[in-house]
Novice: 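Just dropping this structure here.
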Amino acid sequence: MNYLDSLNQEQKLAASTTEGPLLILAGAGSGKTRVITHRIVHLIHEGVSPDNILAVTFTNKAATEMRDRVTKLIKQHHASQRTSIDCLPTVTTFHSLGVKILKENHSVLNLPRHFTIYDRSDSLKAVKQALEKNDFNPKEFEPRKILNQISKAKGDAKNHQKYTEEVSSFFEEVVSKTWKSYEAILKDSHSLDFDDLLLKTLHLLEDYPLIREMYRKRWAYVHIDEYQDTNKVQYEIVRHITGKRKNICVVADVDQNIYSWRGADIQNVLRFETHFPGAQTILLEQNYRSTQNIISASNDIIKKNKNRVEKNVFTLNAEGQKITLYSAMNGFDEAEYIALTAQELIGSEAAPADIAVLFRTNFQSRALEEAFLKHNVPYQVLGTKFFERKEVKDVLSFLRLALNENTTADLMRVVNVPPRGIGKITALKLLENKRSELTGAIQEKVDRFYSILSDIRDEANTKPVSETIKFIIKRTGIETDLKKSGTEDDVARLENLRELVSLAVRFDELAPEEGVEQFLENAALQSDQDEIKNKEEKDAVRLMTVHASKGLEFPYVFVSGLEEGLFPHERLDDHGVDHEEERRLFYVALTRAEKKVYLTYAHMRTIFGSQKINLPSSFLDDIDTEYVEVIDSGNSAGASGYETTIFLD
């Protein structure tokens with residue numbers, strides 16, 4: 001079993017414990033992906049067919065990394081054993097798993113195989129339409145809040161009927177009525193939203209015993225990564241697939257539970273032994289990523305939380321540099337310090353991509369971007385997803401509409417892109433299946449539009465995906481339209497479409513129908529972190545929220561905006577501050593770093609147009625001063641402690 005030799009004692013125990021429920025409590029940087037991949041290979045070594053193994057995580061990036069590692073390990077092991085295997089385990093994300101199960105059973109749900117997945121902007125438009133259908137004013141009842149309420153309910157495994165039964169306020173009545181109309185819009189266009197991918201999967205497993213039993217037999221060994229991030233519907237899916245065998249292995253770190261605001265339930269970890277009686281628990285406490293100073297400081301932070309499982313993360317790495325704490329006069333001074341320090345690091349020991357700048361909320365990126373531009377430091381803001389750009393969405397809409405002409409959102413999006421003289425009234429007639437009522441020039445324009453869709457469908461059914469995307473860009477007239485204007489913005493849009501073709505090449509080795517399915521699924525399920533993967537060739541400093549940084553690691557990390565009310569963040573919805581979750585978020589930020597951490601805060605910051613005088617974050621008081629060096633805005637190093645000067649106008 002030489003493939004286990006590279007693991008430490010606890011990792012080896014976790015990888016070789018194969019029967020029954022297993023909870024692996026893994027500290028930050030403790031090699032949890034290594035454990036899961038080696039456990040999968042060990043199962044195969046013990047005679048389990050790869051077909052019977054399922055591993056689920058949260059992002060495409062994490063799933064791809066795990067799949068690649070498993071494939072490499074299997075090849076290495078079987079090469080040494082001089083045996084071969086003809087299949088691989090299923091390694092996927094929760095939402096991709098939902099898509100897989102729903103497509104395999106689409107006829108049961110009366111869905112086409114090529115159902116459309118609504119992204120958030122599509123859903124917001126549909127919710128606005130649903131509000132108006134019920135004579136509610138979207139300005140009074142914000143579609144975003146309504147959609148969030150629907151999404152939260154679906155994450156709690158509630159369908160519309162269950163939610164309606166529990167309505168207890170006028171706002172919830174509005175949500176219920178809007179939800180009903182929203183569901184009708186989705187149904188009419190043979191579409192599902194992001195949350196339906198899980199909720200409909202759960203209903204399949206609950207309501208159809210034969211389907212449930214089929215997946216239990218297929219996946220006899222289940223692995224769930226980042227289990228602390230699971231919500232109610234994900235837990236229920238896992239429970240139904242696991243069945244009586246309960247061969248389930250979950251990897252979790254309660255201290256990195258930072259998504260309660262979107263339904264992640266920390267109790268799924270804390271009650272694991274109740275949910276799965278007879279469970280074993282193994283602690284992975286050795287950190288391989290960070291220096292001793294970083295680990296000591298992060299332990300100081302997280303030990304203040306009460307709602308956690310006690311563990312003592314340690315490292316055998318070097319002591320490393322002290323954490324630098326910079327107190328700035330204002331937000332622009334803070335941004336200048338970060339940009340100039342990053343510039344120094346790049347000039348001496350670091351590549352730009354070795355550096356990450358983390359912030360609590362998106363608005364903080366503006367001042368940082370200005371400073372990085374001013375000092376010519378290459379940077380990349382993580383947030384504007386490639387697949388959410390207008391021109392990219394237009395091409396994807398053409399492809400989806402060609403495969404499923406009932407998708408309302410896609411039809412309304414591209415029926416007049418580029419402009420072809422088809423107005424809203426005509427588009428509404430098409431939605432109402434009144435195409436036969438059209439006459440004259442309008443009928444000719446509509447016929448030409450549907451001819452384009454027919455040509456795209458033929459191309460998609462016979463050609464590699466990248467060729468189909470090239471065809472759409474040309475056949476629809478989008479390329480000609482963008483070239484015609486010749487503006488800098490349109491040139492950039494055309495470059496984005498060429499990048500879309502490059503991304504599509506990844507799916508060319510598949511059969512055309514399967515390639516299109518995988519391509520559209522990948523586009524629909526992209527996460528913030530997948531944006532890094534798509535652009536990882538760009539050597540630039542990464543600017544991102546702390547939430548987006550989870551699961552990533554960088555040699556050098558800046559954590560900015562460490563002020564009371566900002567980090568820890570005081571929410572604006574009367575819920576105040578969730579100090580335990582905010583502390584977990586700060587813990588995540590610290591443990592992204594391998595070599596060096598820089599902490600910064602500003603005495604004054606302009607928020608919502610008003611200048612505010614700030615107190616340093618209370619979290620800073622939790623870190624022992626022996627791990628920290630203090631620098632004030634005059635760039636002079638302090639002795640110890642965090643005494644600072646307040647600057648007033």
Novice: Got a second to check how far Thr93's OG1 is from Met66's CE, nearest 0.5 Å?
Specialist: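 Reported to 0.5 Å precision, the distance equals 11.5 Å.
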Novice: Tell me whether the rings of Phe558 and Tyr598 are parallel (<30°), tilted (30 to 60°) or perpendicular (>60°).
Specialist: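 It falls in the parallel class, under 30°.
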Novice: Taking everything shown except Arg120 itself, do over 12 heavy atoms lie less than 6.0 Å from its CZ?
Specialist: yes
Novice: Tell me whether Lys550 is salt-bridged to Glu226, with the criterion being a basic N under 4.0 Å from an acidic carboxylate O.
Specialist: yes
Novice: Checking Ser96 against Glu521: is there a side-chain donor and acceptor pair closer than 3.5 Å?
Specialist: yes
Novice: Please determine if Lys390 and Asp394 form a salt bridge, counting it only when a charged side-chain N lies under 4.0 Å from a carboxylate O.
Specialist: yes
Novice: Angle class for the Phe567/Phe586 ring planes (parallel below 30°, perpendicular above 60°, tilted otherwise)?
Specialist: perpendicular
Novice: Salt bridge or not for Glu310 and Arg308, using N-O below 4.0 Å?
Specialist: yes
Novice: Decide side-chain contact (heavy atoms from CB on, under 4.5 Å) for Glu10 and Ser30; before the verdict, give the C-alpha distance in whole Å, the side-chain angles of both, and the deciding distance to 0.1 Å.
Specialist: CA-CA 10 Å; Glu10 288 76 19; Ser30 60; over 6 Å; no
Novice: Going by the angle between their ring planes, with limits at 30° and 60°, are His579 and Phe619 parallel, tilted or perpendicular?
Specialist: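 Perpendicular.
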Novice: Decide whether Tyr587 and Gln256 meet the rule of one side-chain donor and one side-chain acceptor closer than 3.5 Å.
Specialist: no
Novice: With a 3.5 Å distance limit and no angle check, can you tell me whether Asn330 reaches the backbone of Met604 through a side-chain donor-acceptor pair?
Specialist: no
Novice: Do Gln364 and Thr361 have a side chain donor and acceptor closer than 3.5 Å?
Specialist: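 There is such a pair between these side chains.
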Novice: Is any NZ, NE, NH1 or NH2 atom of the basic residue among Glu349 and Lys595 found under 4.0 Å from an Asp or Glu carboxylate oxygen of the other?
Specialist: no
Novice: Are the side chain of Asn293 and the backbone N or O of Gly320 linked by a donor-acceptor pair below 3.5 Å?
Specialist: yes
Novice: Which residue in the set Ile40, Val41, Thr33 passes side chain to side chain contact (heavy atoms under 4.5 Å, CB included) when paired with Thr37?
Specialist: Thr33
Novice: Check each of Ile224, Leu525, Asn231 against Phe94 using the side chain to side chain contact (heavy atoms under 4.5 Å, CB included) test, and report the only one that passes.
Specialist: Ile224
Novice: Answer yes if the side chains of Thr315 and Gln292 hold a donor-acceptor pair under 3.5 Å, and no otherwise.
Specialist: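 The answer is no; no qualifying pair exists.
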Novice: Test salt bridge (charged side-chain N to carboxylate O under 4.0 Å, His left out) on Lys32 and Asp253; report intermediate values, then the result.
Specialist: CA-CA 10 Å; Lys32 62 183 178 62; Asp253 184 1; over 6 Å; no
Novice: Looking at Asn148, is its backbone amide N or carbonyl O close enough to the side chain of Ser151 to form a donor-acceptor pair, meaning the two atoms are under 3.5 Å apart?
Specialist: no
Novice: For the pair Glu370 and Arg366, find out whether any cationic side-chain nitrogen is under 4.0 Å from an anionic carboxylate oxygen.
Specialist: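 Arg366 and Glu370: salt-bridged.
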Novice: Could you measure the distance from the CG atom of Asn305 to the CD atom of Glu582? Nearest 0.5 Å is fine.
Specialist: 11.0 Å
Novice: Evaluate whether atom NZ of Lys152 has more than 12 neighbouring non-hydrogen atoms of other residues, nucleotides or ligands under 6.0 angstrom away.
Specialist: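 Open.
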Novice: Crowded around Gln9 CD? As in, over 12 foreign heavy atoms under 6.0 Å?
Specialist: no
Novice: Should the pair Glu581-Arg584 be classified as a salt bridge under the 4.0 Å nitrogen-to-oxygen rule?
Specialist: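 Arg584 and Glu581: salt-bridged.
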Novice: Within this structure, what is the CG-NZ distance for the pair Leu500 and Lys470, rounded to the nearest 0.5 Å?
Specialist: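 Leu500 atom CG to Lys470 atom NZ measures 12.0 Å (nearest 0.5 Å).
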Novice: Hey, are His375 and Glu336 close enough side-chain-wise for a donor-acceptor pair under 3.5 Å?
Specialist: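 Yes, a side-chain donor-acceptor pair sits under 3.5 Å.
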Novice: Are Thr324 and Lys596 close enough that a side-chain donor and a side-chain acceptor fall under 3.5 Å?
Specialist: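 Note: Thr324 and Lys596 side chains meet the donor-acceptor criterion.
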Novice: Looking at Arg542, Arg289, Arg592, which hits salt bridge (charged side-chain N to carboxylate O under 4.0 Å, His left out) with Glu553?
Specialist: Arg289
Novice: For the CG atom of Leu590 and the CD1 atom of Ile294, what is their distance to the nearest 0.5 Å?
Specialist: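 Leu590 atom CG to Ile294 atom CD1 measures 8.0 Å (nearest 0.5 Å).
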Novice: Side chains of Asn268 and Thr230 only: does a donor on one sit below 3.5 Å from an acceptor on the other?
Specialist: yes
Novice: Applying side-chain contact (heavy atoms from CB on, under 4.5 Å) to Ile338 and Phe372, what does each step give before you reach the verdict?
Specialist: CA-CA 9 Å; Ile338 291 172; Phe372 275 73; 4.1 Å; yes
Novice: Checking Asn614 side chain against Ala602 main chain: does a donor-acceptor pair fall under 3.5 Å?
Specialist: yes
Novice: Should we say atom CD of Glu319 is surrounded by more than 12 heavy atoms from elsewhere, each under 6.0 Å from it?
Specialist: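 Incorrect, the count does not exceed 12.
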